[in-house]
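Contents: one structure, followed by commentary.
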Amino acid sequence: MAARVGSALLVVWLVATVVFFALRASGDPLEAILGGPGSQAGPETVEAATRAYALDQPLVVQYLLQLGRIATVQLGDSYARKQPVADLIAAQLPSTLLLATLALVVAWVLALIGAIIVTVVRGRAARFVSTVLRSVETIATVMPQFWLGAVLILLFAATWRVLPATSVGADPAGLVLPVLTLAVPIAGFLAQVMRDSLTAADAAPFATTARSRGASEVRVLLRHTLRHAALPALALSGWAYGSLLSGAVVVEALFARPGLGRLLIDAATARDVPLVIGAVVVVALIYVVVVVLTDAAELLVDPRLRGRRPRSLRVPTVAVGA
């Protein structure tokens, strides 16, 4: 448990450090504090703002002050919006979590369907089906989300007019295209891992023994091989969720969907340091929680994993544009 907590703190520290220095390297945040480009603030106002936000202190001191605020869960106020960072994040976070969670569920369903088809199909058609699915998985894995989203909008919104091009809140119709845009690349990756594991499990001695005892192929699949095949994909679900949260930055902008991704883009563009760091730290903490839950799910699926050393946490990739 101590190792898990230490890894979580390391992830948060690394994320906060990288974001802080990246934003400060992109320009002076005083512009955002004073209202953006074209501000007519006088020298006295500039001086007062500089002192109030400790911008007259050395960069190292500003960095330590920022870490102190994070450690005490005092994210401060947004430079540009003049509102508490915690309130801004709390208002947008549910929308992003809904999008990422639905995308992970859809990715798992698609991956399971592909893996099961490869296992169930026998005879001459097996090789052809396997080749087709491998090609589809590979294409899905390398497909850029912004390109996939644009194509889906062109087909389903502009051409066939069956789904809206924009997404607001929890509207089911508006969620379809953003969820698919996020889910398809992850589904391709999970399907590759799951298919290989399912094929290996299907040829394992325990599956052969089950068949020799008269178990049908469906029974062997549901009670034996599928559980073993799901373990590697389950282990990667924490990483996948972090990737989905990162992808939400692009998808929410593409579909004009409110959420943490759009909030992060706006804050990074305005060099709103407290808001960007607050949003990214929250994403990192969510990633840590999901990895812990994934570990727990693995133990439920396969009790043999109990007593192993916990996996180290990897820093999630979060797209931040300045």
Side-chain angles (χ1 to χ4, degrees), residues 1-16 18-19 89 93-112 114-115 137 140-142 145 178-198 226-252 259-261 264 279-320:
M1 184 64 182
R4 178 65 71 194
V5 173
S7 298
L9 294 176
L10 179 61
V11 168
V12 173
W13 172 72
L14 286 174
V15 168
V18 170
V19 172
I89 293 175
L93 184 59
S95 177
T96 299
L97 291 180
L98 174 64
L99 181 62
T101 302
L102 289 176
L104 184 61
V105 172
V106 171
W108 258 88
V109 170
L110 294 176
L112 280 172
E137 291 164 2
T141 301
V142 301
Q145 290 174 333
V179 166
L180 285 177
T181 302
L182 278 175
V184 168
I186 297 296
F189 183 81
L190 293 179
Q192 288 178 332
V193 175
M194 199 177 299
R195 173 177 41 76
D196 292 341
S197 299
L198 191 58
L226 190 59
R227 183 181 66 178
H228 289 77
L231 280 173
L234 186 60
L236 291 170
S237 291
W239 163 85
Y241 199 80
S243 179
L244 290 170
L245 290 174
S246 175
V249 175
V250 175
V251 171
E252 287 175 354
L260 197 60
L264 189 56
V280 174
V281 165
V282 167
V283 170
L285 289 174
I286 293 172
Y287 169 75
V288 171
V289 171
V290 171
V291 169
V292 172
L293 293 177
T294 300
D295 283 349
E298 286 184 77
L299 294 179
L300 290 175
V301 174
D302 191 351
R304 296 174 303 172
L305 299 176
R306 293 170 185 171
R308 70 174 184 177
R309 295 180 64 184
R311 294 192 308 272
S312 60
L313 294 174
R314 292 173 293 180
V315 178
T317 302
V318 180
V320 180

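Treat the numbers as computed from the prediction; the structure is a model and nothing was measured.
By the side-chain hydrogen bond (donor to acceptor under 3.5 Å, both in side chains) test, Ser95 is found to be paired with Arg257, residues two or more places apart in sequence or in another chain being considered. With sequence neighbours excluded, the residues satisfying side-chain contact (heavy atoms from CB on, under 4.5 Å) with Leu102 are Leu98, Leu175, Val179. For Ala187, the side-chain contact (heavy atoms from CB on, under 4.5 Å) partners two or more places apart in sequence, or in a different chain, are Ala107, Leu110. Remark: Glu252 pairs with no residue by the salt bridge (charged side-chain N to carboxylate O under 4.0 Å, His left out) rule, at least two apart or across chains. The side-chain contact (heavy atoms from CB on, under 4.5 Å) search around Pro232 returns Val193, Ser197, not counting sequence neighbours. Under the side-chain contact (heavy atoms from CB on, under 4.5 Å) criterion, Pro178 pairs with Leu99, Ser167, Val251, Phe255, sequence neighbours left out. Partners of Thr141 according to the side-chain hydrogen bond (donor to acceptor under 3.5 Å, both in side chains) rule, which considers only residues two or more places apart in sequence or in another chain, do not exist here.
In this structure, CG on Leu245 lies 8.0 Å from CG on Leu260, to the nearest 0.5 angstrom. The structure places CG of Leu97 at 11.5 Å from CG of Leu244, a figure rounded to the nearest 0.5 Å.
Counted by atom type alone, Trp108 and Ser237 present one or more donor-acceptor pairs between their side chains at under 3.5 Å.
By the 4.5 Å heavy-atom criterion applied to side chains, Thr96 and Val283 are not counted as neighbours. In this structure, the side chains of Tyr241 and Ile186 stay at 4.5 Å or more apart for every pair of heavy atoms.
The salt bridge (Lys or Arg N to Asp or Glu O under 4.0 Å) pairs that include a residue from residues 279-288 number zero, where partners must be two or more places apart or lie in different chains. For residues 181-195, every residue pair satisfying the salt bridge (Lys or Arg N to Asp or Glu O under 4.0 Å) rule, not counting sequence neighbours, is listed here: Glu137-Arg195.
Looking at Thr294, its side chain does come within 3.5 Å of a backbone N or O of Val290 through a donor-acceptor pair.
Ala115 and Met194 make their closest contact through CB-CG, 4.0 Å (heavy atoms, listed as atom of the first residue, atom of the second, distance). Nearest approach of Val12 to Leu285, heavy atoms of both residues: CG2-CD2, 3.4 Å. Across every non-hydrogen atom of Leu182 and Gly247, the tightest pair is CD2-C, 3.6 Å. Contact record, Ile89 with Ala279: CD1-N, 3.5 Å, taken as the closest heavy-atom pair. The two residues Val15 and Ala284 make their nearest non-hydrogen contact at CG2-CB, 4.1 Å.
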